Q: 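Here's a structure for you.
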Amino acid sequence: MEHGQLRKKEGTLQFHDGKASRIMPVERIKELHIFGEVDISKKCLELLGQKGIIVHWYGYYGRYVGSYHPRERSSSGTMTLLQSRFYEDLSLRTAISHAIINTSYRQMLRLLKEQAHLLHPRRLLEFERTFQLEHGSPPELFLQEAALRQRYYRLLDDLFQTTPLRFEKRTRRPPENEVNALMSFANTMLYQLVLSELMTSKLDPGIGYLHATNDRQYSLQLDLVELFKPYLVDGFIFKLIQRKTIQKDDFEWDGTACYLNAFGRKKFLHLWREQFKQTVYHEHQKRYVPYRELIRLEIYGLQQHLHGAPYRPLSGFDWP
């Protein structure tokens with residue numbers, strides 16, 4: 001939602017944008033994403049807190065500002081102790097970091113192979129055959145992952161040579177072209193989606209494994225996002241641009257910085273929500289599950305690993 005007032009009305013939320021009002025039953029809301037200037041009443045925040053609904057705030061250009069978390073979480077002291085033990089034990093932490101990087105690499109390779117007809121065969125084969133994660137501490141593994149991602153981005157640039165908009169190289173703070181603007185915005189939305197799911201789990205989002213635990217960020221959120229970025233962000237935006245669903249006039253410039261404009265954000269967010277309504281057959285669950293539930297299942301799989309089960313990220317299904 002952008003620009004308006006959000007109020008509590010008889011146990012529901014009412015959003016008024018100056019032209020029309022919309023009633024939103026709280027039982028249907030998982031989290032709220034607020035862009036631009038939206039005034040929220042105290043009673044509305046109290047209702048959101050009672051219902052355990054997280055609110056994510058973004059600035060004018062879609063930059064993440066912060067989140068409002070309900071006071072009570074389902075975190076568990078036992079789980080926090082387990083997370084801490086796995087973090088402090090170098091071998092256990094390294095094993096999780098290895099699994100995250102290897103799975104992320106497989107997702108990158110899968111996306112590139114899907115579009116292999118657009119890539120030079122030698123470059124794709126080189127990417128596939130030269131990857132080998134070396135032994136090392138989690139900080140050393142993190143550097144190896146960063147190097148892997150740079151090689152992957154060079155192949156993404158090859159893919160985007162075939163689309164109306166170019167990637168060139170990964171630029172952030174600020175993004176310097178339309179593809180980077182779209183990638184940054186999609187990454188931001190994925191970060192907050194993963195955080196919302198973590199906040200309803202028993203895990204502490206501040207204790208990560210590949211990303212060092214510190215006071216500045218939710219390290220576990222960053223770890224889990226690495227698993228989903230290639231398909232849910234990179235593959236998604238490639239198809240949007242390839243099909244001309246998102247085009248040049250969906251962006252605006254602020255000096256050398258490029259961002260989605262208000263119309264482009266609205267269009268993208270609709271497509272983003274539609275993506276997460278899609279389902280995939282999950283062999284372990286013996287049913288079709290929505291993409292969003294895959295994030296929840298991944299969190300559950302990590303919880304089970306802390307209790308002694310093997311850790312196999314993104315197992316039990318194949319993206320369609």
Side-chain angles (χ1 to χ4, degrees), residues 31 33 56 58 61-64 100-101 103-115 118 127 145-146 148-160 163 165-198 210-211 217-218 220-243 245-246 250-251 258-260 264-265 267-278 280 290-296 298-299 313-314 317-320:
E31 74 264 338
H33 298 266
H56 302 294
Y58 306 84
Y61 289 118
R63 294 169 176 163
Y64 175 67
I100 291 171
I101 297 174
T103 303
S104 178
Y105 163 72
R106 291 198 302 272
Q107 300 305 306
M108 294 175 193
L109 184 60
R110 185 187 190 283
L111 171 63
L112 294 172
K113 283 188 170 182
E114 279 184 358
Q115 308 298 333
L118 302 175
F127 180 80
E145 192 274 340
L148 166 67
R149 190 161 291 277
Q150 288 304 312
R151 293 175 52 221
Y152 165 68
Y153 283 149
R154 286 195 286 272
L155 282 170
L156 272 190
D157 180 45
D158 290 350
L159 280 185
F160 280 99
T163 65
L165 301 176
R166 299 292 183 265
F167 175 60
E168 296 176 357
K169 62 180 180 178
R170 184 70 177 110
T171 56
R172 310 169 178 84
R173 304 189 188 92
E176 296 177 1
N177 60 31
E178 294 88 353
V179 174
N180 274 283
L182 196 54
M183 188 176 289
S184 290
F185 188 65
N187 281 337
T188 295
M189 299 307 300
L190 182 60
Y191 284 135
Q192 306 327 313
L193 179 56
V194 169
L195 180 60
S196 293
E197 292 297 338
L198 278 170
L210 175 61
H211 293 80
Q217 57 192 8
Y218 289 123
L220 188 57
Q221 170 201 33
L222 302 180
D223 285 356
L224 295 174
V225 162
E226 294 300 325
L227 302 172
F228 292 96
K229 269 185 186 179
Y231 193 86
L232 294 181
V233 172
D234 304 337
F236 178 60
I237 67 173
F238 175 74
K239 290 173 184 176
L240 292 183
I241 294 174
Q242 185 185 48
R243 297 167 183 172
T245 310
I246 296 287
D250 292 316
F251 299 86
C258 183
Y259 303 98
L260 281 164
R265 282 197 303 273
K267 182 196 293 188
F268 174 83
L269 289 170
H270 169 73
L271 297 165
W272 180 259
R273 287 191 295 269
E274 291 301 308
Q275 174 184 217
F276 282 89
K277 291 179 183 177
Q278 296 180 56
V280 62
Y291 283 6
R292 177 165 184 148
E293 190 173 344
L294 294 175
I295 297 174
R296 198 172 308 140
E298 188 59 36
I299 292 170
L314 301 190
F317 75 97
D318 286 315
W319 299 109

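This is a predicted model, so every value here is computed, not measured.
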Q: Using side-chain heavy atoms (C-beta onward) and a distance below 4.5 Å, is F276 in contact with I295?
A: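 With C-beta onward as the side chain, the pair touches.
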Q: Which word best sums up how the rings of W319 and F228 line up, parallel for under 30°, tilted for 30 to 60°, or perpendicular for over 60°?
A: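 Plane angle over 60°, so perpendicular.
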Q: Would a distance-only check, ignoring hydrogens and angles, find a side-chain to backbone donor-acceptor pair under 3.5 Å from N187 to K229?
A: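 No, because the side chain of N187 does not come within donor-acceptor range (under 3.5 Å) of the backbone of K229.
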Q: Taking all atoms of both residues into account, what is the closest heavy-atom pair of T171 and E176, and its distance?
A: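 The pair with the smallest heavy-atom distance is OG1-N, 3.0 Å.
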Q: Side chain of T163, backbone of F160: donor and acceptor closer than 3.5 Å?
A: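 Looks like yes, one N/O pair under 3.5 Å.
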Q: Could you go through F317 and Y291, starting from their C-alpha distance and side-chain angles, then the distance that decides it, and tell me whether this counts as ring pair (Phe, Tyr, Trp, His ring centres under 6.0 Å)?
A: CA-CA 11 Å; F317 75 97; Y291 283 6; 8.2 Å; no
Q: Is the side chain of D250 donor-acceptor paired with the backbone N or O of L260 at a distance under 3.5 Å, no angle test?
A: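 Such a contact is absent between D250 side chain and L260 backbone.
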Q: Taking side chain as C-beta onward, heavy atoms only, is E178 less than 4.5 Å from I241?
A: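 A side-chain contact is absent here, since even the closest heavy-atom pair is not under 4.5 Å.
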Q: As a test of understanding, state which of H33, Q192, R265 forms a side chain to side chain donor-acceptor pair (under 3.5 Å) with Y58.
A: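 When side chain to side chain donor-acceptor pair (under 3.5 Å) is applied between Y58 and each of H33, Q192, R265, only H33 qualifies.
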Q: Any side-chain heavy-atom pair from Q150 and K169 closer than 4.5 angstrom?
A: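 They are not in contact (no side-chain heavy atoms under 4.5 Å apart), so the answer is no.
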Q: With heavy-atom distances below 4.5 Å as the criterion, would you say the side chains of N180 and R172 are in contact?
A: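 Side chain of N180 against side chain of R172, heavy atoms only: no contact under 4.5 Å found.
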Q: Please tell me if the side chains of L118 and F238 come closer than 4.5 Å, counting only heavy atoms from C-beta onward.
A: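 They are in contact (side-chain heavy atoms under 4.5 Å apart), so the answer is yes.
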Q: State whether the side chain of E298 and the backbone N or O of L314 hold a donor-acceptor pair below 3.5 Å, judged by distance alone.
A: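 The answer is yes, because a donor-acceptor pair under 3.5 Å joins these two groups.
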Q: Does P175 offer a backbone N or O that forms a donor-acceptor pair with the side chain of S184 under 3.5 Å?
A: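 No, the answer is negative, given that no donor and acceptor are paired below the 3.5 Å cut-off.
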Q: Passes side-chain contact (heavy atoms from CB on, under 4.5 Å), Q107 versus E226? Steps please.
A: CA-CA 10 Å; Q107 300 305 306; E226 294 300 325; over 6 Å; no
Q: Hey, do the aromatic rings of Y191 and Y64 have their centres closer than 6.0 Å?
A: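 No, the ring centres sit 6.0 Å or more apart.
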Q: Heavy atoms, side chains only, cut-off 4.5 Å: are F167 and L159 in contact?
A: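 The answer is no; the side chains never approach within 4.5 Å.
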Q: Could you walk me through whether I237 and I246 satisfy the side-chain contact (heavy atoms from CB on, under 4.5 Å) test, starting with their C-alpha distance in whole Å, then the side-chain angles of each, then the deciding distance to 0.1 Å, before giving a yes or no?
A: CA-CA 8 Å; I237 67 173; I246 296 287; over 6 Å; no
Q: Is the shortest heavy-atom distance from the side chain of R110 to the side chain of K113 under 4.5 Å?
A: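 A side-chain contact is absent here, since even the closest heavy-atom pair is not under 4.5 Å.
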Q: Are any non-hydrogen side-chain atoms of N177 and F251 less than 4.5 angstrom apart?
A: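 No, their side chains stay 4.5 Å or more apart.
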Q: Once you measure the plane-to-plane angle for W272 and F236, does it fall in the parallel (<30°), tilted (30-60°) or perpendicular (>60°) bin?
A: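 Judged by the thresholds at 30° and 60°, the geometry between W272 and F236 is perpendicular.
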Q: Could you report the tightest heavy-atom contact between M183 and L156, atom names first, then the distance?
A: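 Smallest interatomic distance, heavy atoms only, reads CE-CD1, 4.1 Å.
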Q: Is E197 reaching over with its side chain to a backbone N or O of R296, donor-acceptor style, under 3.5 angstrom?
A: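 Between the backbone of R296 and the side chain of E197 there is no qualifying donor-acceptor contact (under 3.5 Å).
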